[in-house]
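Data first, discussion second: the structure below is written as structure tokens.
Not measured: the values here are computed from a predicted model.
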Amino acid sequence: MSALPVRSLLSTAVATCALGTVALAGAPAALAAPGDNGDVKVHHAGRPDEPPRTLESDQRSEPKVCTFYFSALSFDGLPALTWTIVPQPLKGGVVKSGTITVDPQGNGFTPDLELADGLYKVEWTWPGQMGAKKSKVFKVDCGNFTHPPKNEGQGHGKPPHGPVGAGGGGSAELAADSSAFGVGTALTAGLAGTAGLILLRLRRSRRRTDGAA
């Protein structure tokens, strides 16, 4: 076998590996557009006779509050996002709405908010968002905090236990990370198979050439 076909096969192998590397590098980026990794948390505002104020950076979202505020976390690359609150079940439309300005680190929060006792859903969106609005359900129950249990509201600022609820993107982000890993694994396996096939052909060609000689 002449040197020209051998060089051609080697060039093909190098080009295939290069394309695979580009695909691996681009896979996570394609799965994480600006804002996709962000989440909005419902936090205690910390008024008198209520649990202490939840830290803005706390990754937990309180399912039951009295006065409260929203904390937007990890909205990298966005200047702001818009939120609306509707009662559950839906009746009467939006009861509150506003905008959260996001800092260069992708974080921001609202002023303290108040609502009548009841079940609500907050939805948030941003310019260029792909897919449906993200949302989270929470309950306003001020009567529950007049004489709160001793452990109510304690431990704020500690790392969360277990996965964050998928309503705002926590477990969904983990799923996206897993998907990105799966894509990368499949591409790597395909590249390894292609390179192995090319090397096998090269070895056979050399043996034939040696035999002919």
I need the Thr99 OG1 to Leu81 CG distance, nearest 0.5 Å. 8.0 Å
Quick one: do Glu56 and His43 satisfy side chain to side chain contact (heavy atoms under 4.5 Å, CB included)? Show the steps, please. CA-CA 8 Å; Glu56 285 85 357; His43 285 166; 5.5 Å; no
Spell out, yes or no, whether Ile85 and Val137 are grouped together once hydrophobic residues are joined by side-chain heavy atoms under 4.5 Å, including indirect joins. no
Is it possible for you to say whether Val122 and Leu113 belong to one hydrophobic cluster, with membership spreading through side-chain heavy-atom contacts below 4.5 Å? yes
Without swapping roles, check the side chain of Lys121 against the backbone of Ser135 for a donor-acceptor pair under 3.5 Å. no
Output for pair (Glu123 CD, Thr84 OG1), nearest 0.5 Å, gives 5.0 Å
Using the side chain to side chain contact (heavy atoms under 4.5 Å, CB included) definition, which of the options Asn107, Thr82, Thr110, Leu78 pairs with Ile100? Thr110
In the single-linkage hydrophobic clustering (I, L, V, M, F, W, Y; side-chain heavy atoms under 4.5 Å), do Phe109 and Leu115 co-cluster? no
Kindly compute the distance separating CZ (Phe68) from NZ (Lys139), expressed to the nearest 0.5 Å. 14.5 Å
Can you measure from CZ (Arg60) to OG1 (Thr54) and round to the nearest 0.5 angstrom? 7.5 Å
Of the non-hydrogen atoms in Ala80 and Val102, which two are nearest, and what is the gap between them? CA-CG2, 3.9 Å
Rounded at 0.5 Å granularity, tell me how far CD in Gln105 sits from CG in Asp76. 9.0 Å
Under 3.5 Å: donor-acceptor pair, side chain of Ser61, backbone of Val42: yes
May I ask you to test the Asp112-Glu114 pair for a side-chain heavy-atom distance under 4.5 Å? no
Determine the minimum heavy-atom distance between Arg53 and Ala45, stating which atoms define it. NH1-O, 3.3 Å
Have a look at Phe70 and tell me which of Trp83, Trp124, Tyr120, Phe75 forms a ring pair (Phe, Tyr, Trp, His ring centres under 6.0 Å) with it. Trp83
Taking all heavy atoms of Leu73 and all of Asp58, pick out the closest pair and write down the distance. CD1-O, 3.7 Å
Scanning both residues in full, the closest heavy-atom pair of Pro87 with Gly93 reads CD-O, 3.2 Å
When you measure from the side chain of Asp39 to the backbone N and O of Ser74, does any donor-acceptor pair fall under 3.5 Å? no
Counting only N and O atoms by type, is there a donor-acceptor contact under 3.5 Å from the side chain of Lys41 to the main-chain atoms of Gln59? yes
